[in-house]
Chemist: 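Would you mind keeping the following structure in view while I ask a few things?
Any value given below was found using the heavy atoms of this structure, including those in side chains, with hydrogens, waters and symmetry copies removed. Lettering follows sequence order; numbering is per chain, from 1. All values reported here derive from a predicted model rather than from experimental measurement.
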Amino acid sequence: MRKELSKTYDPSSVEDRIYKNWEEKGYFHAEPDSKKEPYTIVIPPPNVTGQLHMGHALDETLQDILIRYKRMKGFSALWLPGTDHAGIATQIKVEEALRVNEGLTRYDLGRDEFIKRVWDWKEKFGDRIIHQLKKLGSSCDWERERFTMDEGCSKAVKEVFVNLYEKGLIYKGNRIINWCPHCITALSDAEVEYTEQQGHFWHIKYPVKDSDEFVIIATTRPETLLGDTAVAVHPEDERYQHLLGKMLVLPLVGREIPVIADEYVEKDFGTGCVKITPAHDPNDFEVGLRHNLEVIKVMNDDATINHYGGKYEGMDRYEARKAMIADLQEQGLLVKIEEHAHNVGQCYRCGTTVEPITSSQWFVKMEPLAKEAIRVVKDGTISFVPDRFSKTYLNWMENVHDWCISRQLWWGHRIPAYYCEACGEMVVSKEDVHTCPKCGGKMKQEDDVLDTWFSSALWPFSTLGWPDNTEELKYFYPTSVLVTGYDIIFFWVARMIFSGMEHMGQEPFKHVFIHGIVRDSQGRKMSKSLGNGIDPLEIIDQYGADALRFTLATGNSPGNDMRFYTERVEASRNFANKIWNASRFVLMNLTIDKIELDLNTLEPEDKWILSKFNALAKDVNENLDKFELGMAVSKLYDFIWNVYCDWYIEMVKPRLMAGEDKAAQNVLCYVMSGFLKLLHPFMPFITEEIFQALPVEDESIMIASFPEYQEALNFAEAEAKVETYIELITSVRNARSEMNVPPKNKTKLYVLCEDKDFVSSCSEFLTKLTYSSEMILVDSKDALSEKCVNVVGQGIEVMIPLNELIDKEKEFARLTKEKEFLLKELNLVRSKLSNKGFVDKAPEKLVQAEKAKEQSFLEKLAKVEESLNEL
RNA sequence: GGGCGUAUAGCUCAGUUGGUUAGAGCGUCACGUUGACAUCGUGAAGGUCACAGAUUCGAGUUCUGUUACGCCCACCA
């Protein structure tokens, strides 16, 4: 006996120790190695001050499975970790803490001091998520950990910004953008989420100047009326031809605005008249450009009304709305109010309704960049798994607008543009600029910072050393696969693709492996506000990281959401325990100290399990290569539990009890160490713990080689025969169960079979697993004097003498049921075989298989009928 | 308005390029302390693969249409 193992597996006593050992041995570290092929994954960097949630757990588990697999396959496998500075999210957190703890705002501290506080915060909490990733077993190369605002990434950001600016792909302009009045910053289109809300349509009269006439417009946002600079109608709308070019008097304001004609207006919608507010509506902005309309912005940054609002100045936009409606009503200008459901855009960080506003911002010109990004997905250079997400991606990329990249925040990469305080000259430069190249005046850097996603977009190459042409960059880029959720395809995946193409001239990754969202047991999204989130760390404490990982990898297909509940984790935990106990059994019976497989001394069941294992290795490799992780893991589960434990261990027990059976020990260990290796990417800890207790040569399973199919281990014939016996054993158990015969009632077993040698070599487990006392080979049934239950298999028939225990009626019913079943199947097979189309067109192999089935059914049917007659 | 997904056992889900008797986990029922494991074992019950057509020798799987639910994008003010 090598080592005494406890009866149940206790992950908590194992995991930290093993992880520490891996780290110390340096197994996670990858170097450029010309003798190996590279395999690279860059982590989707979690927010630096965030905490691990189930979505991370899924994402990291999938990546770790892939990276461990490839590492064992002999690749130089780099999983590059790091964190994201997460502009708005982090700034909001620190501001909140500042407010709660010190009653201060960031403005009280000033920019420099505030940023220092955020760095302090990052130092304090930045390690937390990294520790949590380690608890999961993530085999990241921690020596290469990066941060989106570290020196290298910042250098890359400046390089890219200046580069794009010089190419004319970054520009500054006064455009309409999404504004969050709570975060006080511009947002990109992708950062706005739309929800349908019940609102109103207010119908308002706009009087025609010097006339009794008026037009009626309908609006959902009456407060923007303050910034109207025209009313538009369709050019061919006959109702309004006479008003074209005339002036209207803007209610509540008194300003005069023209009636203009523009194709944008739909004649049949509403009244056919549209108020035009270029400063507060994207469509109106376009109309304004076409007609040279004045742009009057009526709101401040916090969405209160500014000086253009007259008496409404200082009011919040909704207060102003209320007040204006009341005033309009009083003046008899409010015609009616309609209920109206419409989509309202909200800030994806704070949920505040965004305000479209014209503002001077920085943009990335998307059209030229999108071209290449579209090409590489269309021509398959980059593939999405599952493929349907390439449609989502292409649809977005083909309709993408320019990307607003400036944010009015303090935490982030400050835009490398400098303005002369004297002459207004602007310089964009990688280096700090202090004096104006034109007039020598003092230069001041742009206040705005960049969208967080601007730096994340460079992640696959900035983390490898770009813009320097490092060995790492040459070797590990392009990366192999990107693993992420479908919810950030637009934010991140798309932007990495065009950035990689533009700056590296090569795709950032070859595959995008997309997973879904982890939901609660009722299918709801896990969220803080619902309080239905499950903490992965609590699950790890309770059930172990392996159980959690196994749960996340099982029953989940790429791109689909999954439900998470503890019963599933329990099942995974039970599986770990099953493996644990199987290993206890093997170790208890071990006398060998080295695995030496001698293919010449094998029993049928040995060949059978080796053959089954061989097929498993083939399947798992194929599944993993095709990103079918869920399928790979369910095959492993089935093999380990339902094949190795339920059958092979049971078959081999008599041999082990009988004495030192080296062949059995070798096969037990060979197959066990093999399936542990196959399972290791999914359940790294328990597989390592057991592996090291087995008589293996590798010092760690992490660096052992991944099993692959070997022709020498394919024993098709023995496999098929043992398979038949398994069926037979099941049938015997079934018969006994239906006769209500208790397991302890052991009887003889008579066997009628032509292949006597083979049956003899299996006699031990046949006897044991059919609850028999001994097995007797007979030449004919006639010789038996005892009353028997007959069970038939292919080429074999067994008789169980149960004497008076036999319930004749029950046996009759059982055999009749069996007969009906065989008849049904026989019918099915025959109808296939008599179908000329099938025989002519189906593959020959299939036709032969059907014929064999027919024979088998016929043979069995004859035996069953014979038994029925004898009753 | 456009696009996508899902619909398979009581529940949650797998099901590869069409081809044995459609599977698993959990739950249910019966039996069981057999020398690794009750976090277990043995056996069983449970399915018109949403509906209607089409293609095919053959459809859970492919195509068309319908229904229900979900998601994404666009935004007629």
Chemist: Could you check whether Thr220(A) gets within reach of a base, just the sugar-phosphate, or nothing at all, counting any heavy atom under 4.0 Å?
Modeler: sugar-phosphate
Chemist: It should be established whether Asn560(A) places a side-chain nitrogen or oxygen under 4.0 Å from OP1 or OP2 of nucleotide rA14(B).
Modeler: yes
Chemist: Looking at CZ of Arg321(A) and OG1 of Thr219(A), how far apart are the two atoms once the value is rounded to the nearest 0.5 Å?
Modeler: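 With rounding to 0.5 Å, CZ (Arg321(A)) is 8.0 Å from OG1 (Thr219(A)).
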Chemist: Starting at CG of Leu616(A), measure out to CG of Asn621(A) and round the result to the nearest 0.5 Å.
Modeler: 9.5 Å
Chemist: Distance criterion of 3.5 Å, no angle test: do you see the side chain of Glu650(A) paired donor-to-acceptor with the base of rA36(B)?
Modeler: yes
Chemist: Parallel, tilted or perpendicular for Tyr9(A) and Trp580(A), by the 30°/60° rule?
Modeler: tilted
Chemist: According to the Watson-Crick and G-U wobble definitions, with both distances under 3.5 Å, which nucleotide is paired to rG1(B)?
Modeler: rC73(B)
Chemist: Look through every strand shown and name the nucleotide pairing with rG35(B) as Watson-Crick or G-U wobble, where both distances are under 3.5 Å.
Modeler: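 Per the H-bond distance test, none.
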Chemist: On RNA chain B, compare the nucleotides closest to His340(A) and Pro558(A); which residue's is nearer the 5' end?
Modeler: Pro558(A)
Chemist: Side-chain N or O of Arg733(A) versus OP1/OP2 of rG43(B): is the shortest distance under 4.0 Å?
Modeler: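 Looking at the OP1 and OP2 atoms of rG43(B), one of them is under 4.0 Å from a side-chain N or O of Arg733(A).
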Chemist: Does a nitrogen or oxygen in the side chain of Arg563(A) sit under 4.0 Å from OP1 or OP2 of rC13(B)?
Modeler: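 Yes, such a contact exists.
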Chemist: Does Trp641(A) reach a base, just sugar-phosphate, or nothing at all? Heavy atoms under 4.0 Å.
Modeler: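 Answer is sugar-phosphate: Trp641(A) comes under 4.0 Å of backbone atoms only.
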Chemist: Would you find a donor on one side and an acceptor on the other, under 3.5 Å apart, between the side chain of Arg736(A) and the backbone of Pro742(A)?
Modeler: yes
Chemist: Measure from the side-chain heavy atoms of Lys275(A) and tell me the nearest of rA77(B), rG19(B), rU12(B).
Modeler: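 My answer, after comparing the listed nucleotides, is rA77(B).
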Chemist: Just compare rC4(B), rA77(B), rA36(B) and give me whichever is closest to any side-chain atom of Lys391(A).
Modeler: rC4(B)
Chemist: With respect to the side chain of Glu266(A), which nucleotide from rA77(B), rA74(B), rU12(B) is positioned closest?
Modeler: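 Nearest listed nucleotide: rA77(B).
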Chemist: For rG58(B), which nucleotide is its Watson-Crick or G-U wobble mate, given both distances must be under 3.5 Å?
Modeler: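 Here rG58(B) is not engaged in any pair, so there is no nucleotide opposite it.
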Chemist: Using only heavy-atom distances, decide whether a donor-acceptor pair under 3.5 angstrom links the side-chain of Lys578(A) to the base of rC37(B).
Modeler: yes
Chemist: Out of rC26(B), rA77(B), rG41(B), which nucleotide sits closest to the side chain of Asp646(A)?
Modeler: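 Output: rG41(B).
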Chemist: Taking pairing as Watson-Crick or G-U wobble with both contacts under 3.5 Å, can you name the mate of rC11(B), or confirm there isn't one?
Modeler: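 Because both required distances fall under 3.5 Å, rC11(B) counts as paired with rG25(B).
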Chemist: Taking the side chain of Thr730(A) as heavy atoms from C-beta outward, which of rU16(B), rA77(B), rG43(B) is closest to it?
Modeler: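 Given the options rU16(B), rA77(B), rG43(B), the side chain of Thr730(A) is closest to rG43(B).
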Chemist: So, is Lys653(A) near the phosphate of rA36(B), with a side-chain N or O under 4.0 Å from OP1 or OP2?
Modeler: yes
Chemist: For the pair made of CZ in Arg830(A) and P in rG58(B), what is the distance, rounded to whole Å?
Modeler: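 Distance, rounded to whole Å: 21 Å.
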Chemist: From the list rG43(B), rC73(B), rA36(B), which nucleotide is the closest neighbour of the side chain of Asn734(A)?
Modeler: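 The nucleotide sitting nearest to the side chain is rG43(B).
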Chemist: Closest to the Glu567(A) side chain: rA74(B), rC26(B), rC37(B)?
Modeler: rC26(B)
Chemist: Tell me whether the side-chain N or O atoms of Arg573(A) pair up with the base of rU39(B) as donor and acceptor below 3.5 Å, since no angle test is needed here.
Modeler: yes
Chemist: Does Lys860(A) count as lying over the ring of Phe821(A), i.e. NZ or CZ under 6.0 Å from the six-ring centre, within 45 degrees of the axis?
Modeler: no
Chemist: Between Phe675(A) and Phe639(A), what is the ring plane arrangement, given parallel below 30°, perpendicular above 60°, and tilted in between?
Modeler: perpendicular
Chemist: Both distances below 3.5 Å, Watson-Crick or wobble geometry, any strand: find the nucleotide opposite rA45(B).
Modeler: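 Its partner: none found.
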Chemist: Relative to the 5' end of RNA chain B, which residue comes earlier, Lys267(A) or Asp561(A), by the nucleotide with the nearest heavy atom?
Modeler: Asp561(A)
Chemist: What nucleotide among rA14(B), rA77(B), rA38(B) has an atom nearest to a side-chain atom of Lys7(A)?
Modeler: rA38(B)
Chemist: When you measure from the side chain of Asn343(A), which nucleotide among rA74(B), rC40(B), rC13(B) comes out closest?
Modeler: rA74(B)
Chemist: What nucleotide among rU21(B), rG5(B), rC26(B) has an atom nearest to a side-chain atom of Leu828(A)?
Modeler: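 In terms of side-chain proximity for Leu828(A), the closest of rU21(B), rG5(B), rC26(B) is rU21(B).
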Chemist: Tell which nucleotide pairs with rU6(B), taking only Watson-Crick or G-U wobble pairs whose two distances are both under 3.5 angstrom.
Modeler: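 Per the H-bond distance test, rA68(B).
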Chemist: At under 4.0 Å, does any side-chain N or O of Asn574(A) touch on OP1 or OP2 of rC40(B)?
Modeler: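 Yes, such a contact exists.
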Chemist: Look at the rings of Tyr348(A) and Phe491(A) and say which category their plane angle falls in: under 30° parallel, 30 to 60° tilted, over 60° perpendicular.
Modeler: parallel
